[in-house]
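Keep in mind that this is a model prediction, so the values were computed, not measured. Letters go in sequence order (proteins before strands), and every chain restarts at 1.
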Protein chains: 2
Amino acid sequence: MLGVAGMDIEDKAAVACSNGCESTACTHCTQRALAAKQHLFTHGDEQRYIYYVHSGCLRLYKTLGNGRRQVIGFSFAGDFIGFGIGPEFPYNAQSIGRSEVRCLPRGTFHKLALEIPRFAFRLYEATTLELAAAHDLALTIGQRNSTAAVASFLLWLSRRNERRGVAPTTISLPMPRTDIADYLGLTGETVSRTFTRLKVGGLIRVTRKRLVQLTDMPALLELAEGMGGEREAFGYADGLRRIPH
Amino acid sequence: MLGVAGMDIEDKAAVACSNGCESTACTHCTQRALAAKQHLFTHGDEQRYIYYVHSGCLRLYKTLGNGRRQVIGFSFAGDFIGFGIGPEFPYNAQSIGRSEVRCLPRGTFHKLALEIPRFAFRLYEATTLELAAAHDLALTIGQRNSTAAVASFLLWLSRRNERRGVAPTTISLPMPRTDIADYLGLTGETVSRTFTRLKVGGLIRVTRKRLVQLTDMPALLELAEGMGGEREAFGYADGLRRIPH
DNA sequence: CGACAAGTTGATACCGTTCAACCTGCGTGG
DNA sequence: CCACGCAGGTTGAACGGTATCAACTTGTCG
C-alpha cells in the first residue's frame, strides 16, 4: 500500500505534485496573482494549465443559459484546480478575494503521468476523492432541506479544519453567503435566515459575518442527517423554530 | 496524444480494461448475476472488486439518516463501477432489473495501474469524466426547475444514444420514475406530471411508460437551459401550461 | 469617514411536496 | 389463455418551504 489512506485530497495531490515537480513540472511553472472577483479561467477556455492555489480561495461554478449559477466547489490554498482531459474547461474558476496561483503546464503534467505510474495513480486517487465530494454535494442539494444543507456545510468546513489541526469549532468563511447559497442550491436570503435560526437555536454563534463558532456539534450532526427534531420539537421538520415576523 | 478525445467514459474505461485484462486482471475475474432490486454492494462494504456491467442496468445511490435517497448515477452495460481508493464503498449499487456483472479484483487492478502508466492514466481519464458528470448533476439538481431537469435528463440519454449509434430521439428508460425523481432531486409525482406536461406540449411522445420519443429537440434544449418560454407563453416560467385541475 | 457591497429581515407568491385515490400494464399462476 | 394481483404510474387537492422582491442594516475597504 501507499500509506496515503485518510489523507486530504489536497495533501494527496501535493504529494503527487512534489514527486513530479521536483523533476520537471515546477521548473516551468509561472505565478499568477488574482484580484477579487477576477477569473482564473472561464467555461470554454482552452485547458493549458493545471493550477495550484498558493494563497486565497476560489469558487468553481457552472451556469445555466438563464444565468442561474451552481457553485460546484471551493479551492483553498494547497488545492489543485483543473484536473481533466478535455480540450476546454467545463466550468469557471473565479477568485473570491485576492489570491495567488501557480500555473503548471498541462503537457508536462500529463507527460509526467505517462512516465511515472505512481504519479498517474495519485492523479487518479485525487480525482476519485473529488468525485466522492461531488456525490456528497449532489446528496446535499437534492435531499437536504435548507437547515440540513447549511449544517452539513458547516460540518464539512469543521472536518476540514480538523484535518489541518485547526480548532474544528471555529469556522471561518472566506466566501459570501450567496456563494454558500449557490453551492447548496438555495438563495442568499434562505442561507441568511438559516444562520439566524441556528443562532437563536443555540447551535452556532456568529462572531462576525464570516466567522462562526459551532456550539452544539451533536445537534448539527443530527440536523445534517435530516434527523433534526425527531419529535418535531417546534412543529417543524427540522426542530428549529421559525423566526416570527 | 492518445486519440481518445470524444470517447465515451465507458469506452475509455473499456480500452483501459482491455489493456490490462489481456495480461492478468480478467484471468481472475468472476461473474455475478443479480436479480431485480438486488444489491451489488452497499455503503460501507469493503471495496474488494471493481465491477464491469455486462448486461442490465444498476442505480448508484446514497442515503441520508432520515431515509431520503439520492441517486448519483446509473450504470449501463459496458460501464465500470467502483473506481476509488478508500477501504469502503461510499454509496450503494443496486440492480434495477436483472443484470450480470464481472468482478475484477481491486488489488490486481491497482497493481496493474502502478505497473502500466497508460493504464493508470486511463483510470484518471475515466474518473475525470465521471467527475464532470457529477458536476453536471449538481447543476441540474441545484439550479434547474422540474421541467428543465427532466428535459436535460432526456437529452442526456439522447446524447448517450447518439454516441452509440442509436436513434437519439428514441429514449428507453430502464429505470422507474422514482429513480429519475431521486436522481433529479424531485418526487415521482413531479416527474410524472412533468412528463405529461411535456407530452401535452408536444415535446415528447410517451409510447410506453418506459419508452419516450423526443419530438421537439430544440424546444427541449431550450427548456434544459431554463430558457423555456422567454416570452412566458402560458404565463409560466418554463412556457409549459400546467395541467388544469 | 463615506460609499457601496454584503447581509438581514419582512411580506407574499408559487413550485414542488405530501398524502391520497385511482389507473395501468405486466408477469404470474391457475 | 385469461384473470388476478400488485408494483409502477398518474392524477387530484392542499400544504408548506423556499424563492422572490423589497426595504433596511451592517460592515468593510478605499
Side-chain angles (χ1 to χ4, degrees), chain A residues 35-37 66-69 96-98 141-150 173-182 184-200 206-212 226 228-229 232 234-245, chain B residues 35-37 66-69 96-98 141-150 173-182 184-200 206-212 226 228-229 232 234-245:
Chain A
K37 297 185 190 173
N66 64 357
R68 297 191 57 124
R69 184 182 73 143
I96 292 176
R98 276 190 279 263
I141 304 176
Q143 305 303 331
R144 289 194 236 249
N145 60 21
S146 62
T147 314
V150 170
L173 304 166
M175 73 290 287
R177 299 281 188 273
T178 49
D179 279 348
I180 301 175
D182 285 349
L184 301 175
L186 302 168
T187 61
E189 293 91 326
T190 298
V191 170
S192 180
R193 282 185 244 271
T194 306
F195 269 91
T196 74
R197 266 188 289 128
L198 292 175
K199 199 171 58 183
V200 306
V206 182
T207 314
R208 278 176 295 150
K209 302 293 187 190
R210 304 280 182 98
L211 195 62
V212 177
E232 308 194 0
F234 299 110
Y236 288 102
D238 56 21
L240 290 176
R241 174 177 277 121
R242 262 59 185 172
I243 311 303
H245 292 171
Chain B
K37 298 184 190 176
N66 64 357
R68 295 191 57 122
R69 183 182 73 143
I96 293 177
R98 276 190 278 264
I141 304 176
Q143 305 302 332
R144 288 193 236 250
N145 60 22
S146 61
T147 314
V150 170
L173 304 167
M175 73 291 288
R177 298 283 187 269
T178 51
D179 279 347
I180 301 175
D182 286 348
L184 301 175
L186 302 168
T187 60
E189 292 92 327
T190 298
V191 170
S192 181
R193 282 186 245 270
T194 306
F195 268 91
T196 73
R197 266 188 291 129
L198 292 174
K199 198 170 61 183
V200 305
V206 182
T207 314
R208 278 175 296 151
K209 302 291 186 191
R210 305 281 183 98
L211 196 62
V212 178
E232 308 196 357
F234 299 110
Y236 288 102
D238 57 20
L240 289 176
R241 188 191 302 279
R242 263 58 186 173
I243 310 303
H245 292 172

Would you please confirm or rule out a distance under 4.0 Å between OP1 or OP2 of C/dG16 and any side-chain N or O of B/R193? no
Trace of the salt bridge (charged side-chain N to carboxylate O under 4.0 Å, His left out) decision for A/D179 with A/R69: CA-CA 9 Å; A/D179 279 348; A/R69 184 182 73 143; 2.7 Å; yes
Considering just the side-chain nitrogens and oxygens of B/R177, establish if one lies under 4.0 Å of OP1 or OP2 belonging to D/dA7. no
Rounded to whole Å, please give me the gap between CZ in A/R68 and C1' in D/dT20. 11 Å
Just the rounded figure in Å: distance from C1' of D/dC29 to CZ of A/R208. 14 Å
Please work out if B/S146 contacts a base, only the sugar-phosphate, or nothing of the nucleic acid, heavy-atom cut-off 4.0 Å. sugar-phosphate
d(CZ, B/R197; C1', C/dG16) in whole Å: 10 Å
Look at A/S192 and C/dT9 and indicate whether a side-chain polar atom (N or O) is within less than 4.0 Å of OP1 or OP2. no
Figure out the CZ/C1' separation between B/F195 and D/dT11, and round it to whole Å. 16 Å
Within less than 4.0 Å of OP1 or OP2 of D/dT18, is there a side-chain N or O belonging to A/T190? no
Would you mind reading off the distance between B/L211 atom CG and D/dG8 atom C1', rounded to a whole angstrom? 16 Å
Atom CD of A/E189 and atom P of C/dA13: how far apart are they, to the nearest Å? 17 Å
Do side-chain atoms of B/R177 reach the backbone of B/K209 as a donor and acceptor pair under 3.5 angstrom? yes
Nearest-Å distance for atom pair CD1/P, residues B/I180 and D/dG8: 13 Å
Side-chain N,O (B/K199) to OP1/OP2 (D/dT11) below 4.0 Å: no
